[in-house]
Engineer: 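Got a structure for you, questions after.
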Number of protein chains: 2
Amino acid sequence: MTETQIPDIVVSRLPIYLRALTRLQQEGQHITSSGELGRRLGISSAQIRKDLSHFGEFGKQGTGYQIEFLIKQLRQILKVDHEWSVALVGAGDLGSALARYNGFRNRGFRIELIFDNDPAKIGRELSGYIVQDAALLGTLIPQRGIRLAMIAVPAEAAQFVADELVKAGIKGILSYAPININVPEGVQVQYIDPVVHLQRMTFYC
Amino acid sequence: MTETQIPDIVVSRLPIYLRALTRLQQEGQHITSSGELGRRLGISSAQIRKDLSHFGEFGKQGTGYQIEFLIKQLRQILKVDHEWSVALVGAGDLGSALARYNGFRNRGFRIELIFDNDPAKIGRELSGYIVQDAALLGTLIPQRGIRLAMIAVPAEAAQFVADELVKAGIKGILSYAPININVPEGVQVQYIDPVVHLQRMTFYC
DNA sequence: TAGATTGTTAATCGATTAACAATC
DNA sequence: TAGATTGTTAATCGATTAACAATC
């Protein structure tokens, strides 16, 4: 209907739908239904249909959804129908693992700049790129017009790094540091902290 | 009041509170308020008080919360007042980074078993432990009574590994594989997929 | 005491679900 | 056609927030 604000919680589920659809496609399927998708994800079929209805009509009554078509639509909605360059700050164990991870490419992202402030790491090759001096972050990021970054530095450095990234024009930060980061309005932050997930499970154990 | 079911969404916030409180403590603070905590986390003070009220009364009117005391209480609630042993399956780049990560220890977890099915990796030392043959998973995990596991294997292997883990008695799985996993009732699963987080941000870019 | 902040209630807000006409 | 499944509405359910008495 009218172009209304999409609830965050709806947006947050779209990548999950996209992932499951891609999986179905890999398994050779061409068509699916909200029922099947819901069963796979542990989500009600009504919720899936409701979520999608915020963006348009993508299915056919009686049939379901053309997987290829729905994937294309979701990619467009999430803006991952083209590749995003990502800057990575921190080339330690975790940063290196991220740099080498080849699951980014086919899902819309490419790590294109890697920074560290350790002289022993600067200048080294990592997954096809040279580790850059973190001091150059403010120059190189705007130069390449990069708008997404991942932070894989110790908690103590995370807020400082985030501030520098924001100054450099970064609009979205995925932080692996186990700490809350403050950013100005208009900058997105997402967190990954394995301990938080583990603690969510021990409660139920 | 009466011992009622705690909403999942409340439980999911407790580790965040615990993390922020620990941070405040590290900064040398002894007392805080729902207002201060909320400001740090971008959460309303009412929500924090409401969440905590599910478990008891931990504050003092006019004063706020004794940080040390509240940390102790939250640790107890989340059952991380003692250390949990964790099994790790997959000793690739990501698995190795997880094995070496020293942020688990002081927050209630210790990786105590590491598995891989690559003969080149089995028998190797990793972060003080010997990488075990994944085929021994069903023996070693019950032997040690381990109930939590992390999966850092390719998507194709994740469901199989999860099945084996469940058979071995695992009750909580933290999966890094970009795929949905099906487990029986009573087994917890949490997911970490950086691409999902990145895609949640590009929508707003 | 005066000021601050808790714990809790009730009101509001928003998300999920059930149900079904439309239709492939 | 008969069967299946969509998109959407309305009802339900649950979570968040505003407000305030209690009290430190």
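Chain letters run A, B, ... following the sequence lines, proteins first, then strands; residues in each count from 1.
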Engineer: Within residues 59-70 of chain B, which residues have any heavy atom lying less than 4.0 Å from an atom of DNA chain D?
Structural biologist: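 Per residue number, the list reads B:K60, B:Q61, B:G62.
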
Engineer: To the nearest Å, how far apart are A:F58 CZ and D:dT8 C1'?
Structural biologist: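 Going from A:F58 (CZ) to D:dT8 (C1'), I get 15 Å.
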
Engineer: What closest approach, in Å, do A:A168 and A:I141 show between heavy atoms, and which atom pair accounts for it?
Structural biologist: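 Looking at all heavy atoms of both residues, the shortest contact is O-CG2, 3.6 Å.
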
Engineer: Take the protein atom CD of B:Q5 and the nucleotide atom P of D:dG14, then report the distance between them rounded to whole Å.
Structural biologist: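 Rounding to the nearest Å, CD of B:Q5 and P of D:dG14 are 11 Å apart.
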
Engineer: Check whether any side-chain N or O of A:K171 sits under 3.5 Å from a backbone N or O of A:Q188 as a donor-acceptor pair, and report yes or no.
Structural biologist: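 Not a single qualifying donor-acceptor pair exists.
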
Engineer: Is any side-chain heavy atom of A:I16 closer than 4.5 Å to one of B:Y191?
Structural biologist: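 No. Closest side-chain heavy atoms not under 4.5 Å.
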
Engineer: Provide, to the nearest angstrom, the distance between the CG atom belonging to A:L52 and the P atom belonging to D:dT6.
Structural biologist: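 Rounded to whole Å, this separation is 9 Å.
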
Engineer: Take A:I43 and B:S45, find for each the nucleotide of DNA chain C with the closest heavy atom, and name the residue whose nucleotide sits nearer the 5' end.
Structural biologist: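 Of the two residues, B:S45 wins.
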
Engineer: Look at A:S34 and D:dT6 and indicate whether a side-chain polar atom (N or O) is within less than 4.0 Å of OP1 or OP2.
Structural biologist: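 Yes, because at least one side-chain N or O of A:S34 sits under 4.0 Å from OP1 or OP2 of D:dT6.
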
Engineer: Less than 4.0 angstrom between a side-chain N/O of A:R49 and OP1 or OP2 of D:dG7, yes or no?
Structural biologist: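 So the side chain of A:R49 is outside the cut-off, no N or O lying under 4.0 Å from OP1 or OP2 of D:dG7.
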
Engineer: Let's see if you can work this out: which of D:dA15, D:dT6, D:dT16 has an atom nearest to the side-chain heavy atoms of B:K50?
Structural biologist: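 Looking only at heavy atoms from C-beta outward on B:K50, the closest nucleotide is D:dT16.
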
Engineer: In whole angstroms, how far is the C1' atom of D:dA22 from the CD atom of B:E57?
Structural biologist: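 For the pair B:E57 CD and D:dA22 C1', the rounded distance is 11 Å.
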
Engineer: Please list residues of residues 9-19 of chain A whose heavy atoms come under 4.0 Å from any atom in DNA chain C, ordered by number; otherwise none.
Structural biologist: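 A:I9, A:R13 - these, ordered by number, are the residues of the stretch whose heavy atoms sit under 4.0 Å from the strand.
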
Engineer: So A:R107 and A:P15, do their side chains get closer than 4.5 Å, heavy atoms only?
Structural biologist: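 No. Closest side-chain heavy atoms not under 4.5 Å.
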
Engineer: Name the stems that DNA chain C belongs to, where each is three or more consecutive Watson-Crick or G-U pairs with both distances under 3.5 Å?
Structural biologist: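 Runs of three or more consecutive pairs: C:3-24 with D:3-24.
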
Engineer: Which class fits the ring pair B:F69 and B:F58: parallel under 30°, tilted 30 to 60°, perpendicular over 60°?
Structural biologist: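 The arrangement is tilted - the two ring planes meet at 30° to 60°.
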
Engineer: Under a 4.5 Å cut-off applied to non-hydrogen side-chain atoms, are B:Y17 and B:I48 in contact?
Structural biologist: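 The answer is yes; the side chains approach within 4.5 Å.
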
Engineer: Is it the case that A:D193 and A:Y176 place a side-chain donor and acceptor less than 3.5 Å from each other?
Structural biologist: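 Short answer, no.
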
Engineer: Distance check needed: C:dG14 C1' versus A:H54 NE2, whole Å only.
Structural biologist: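 Interatomic distance, NE2 of A:H54 to C1' of C:dG14: 11 Å.
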
Engineer: Would you say A:S44 reaches C:dT16's phosphate, i.e. side-chain N/O to OP1/OP2 under 4.0 Å?
Structural biologist: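 Indeed not, no polar side-chain atom of A:S44 lies that close.
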
Engineer: Looking at A:G64, is its backbone amide N or carbonyl O close enough to the side chain of A:S33 to form a donor-acceptor pair, meaning the two atoms are under 3.5 Å apart?
Structural biologist: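 Not a single qualifying donor-acceptor pair exists.
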
Engineer: With a 3.5 Å distance limit and no angle check, can you tell me whether B:D116 reaches the backbone of B:I122 through a side-chain donor-acceptor pair?
Structural biologist: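 A pair under 3.5 Å: no.
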
Engineer: Rounded to the Å, how far apart are A:I48 CD1 and C:dT17 P?
Structural biologist: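 In whole Å, C:dT17 P lies 11 Å from A:I48 CD1.
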
Engineer: Measure from CG on A:D51 to P on D:dT8 and round the result to the nearest Å.
Structural biologist: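 Distance check: A:D51 CG to D:dT8 P gives 13 Å.
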
Engineer: Taking the side chain as everything from C-beta on, heavy atoms only, tell me whether B:Q199 gets closer than 4.5 Å to A:L14.
Structural biologist: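 A side-chain contact under 4.5 Å is absent here.
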
Engineer: Check whether any side-chain heavy atom of A:L165 lies under 4.5 Å from a side-chain heavy atom of A:I151, and answer yes or no.
Structural biologist: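 In contact.
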
Engineer: Within a strict 4.5 Å, meaning less than it, do heavy atoms of the B:F109 and A:V195 side chains meet?
Structural biologist: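 Sidechains of A:V195 and B:F109: in contact.
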
Engineer: Just how far, in rounded Å, is C1' of D:dT12 from CD of A:Q47?
Structural biologist: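 The answer, rounded to whole Å, is 15 Å.
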
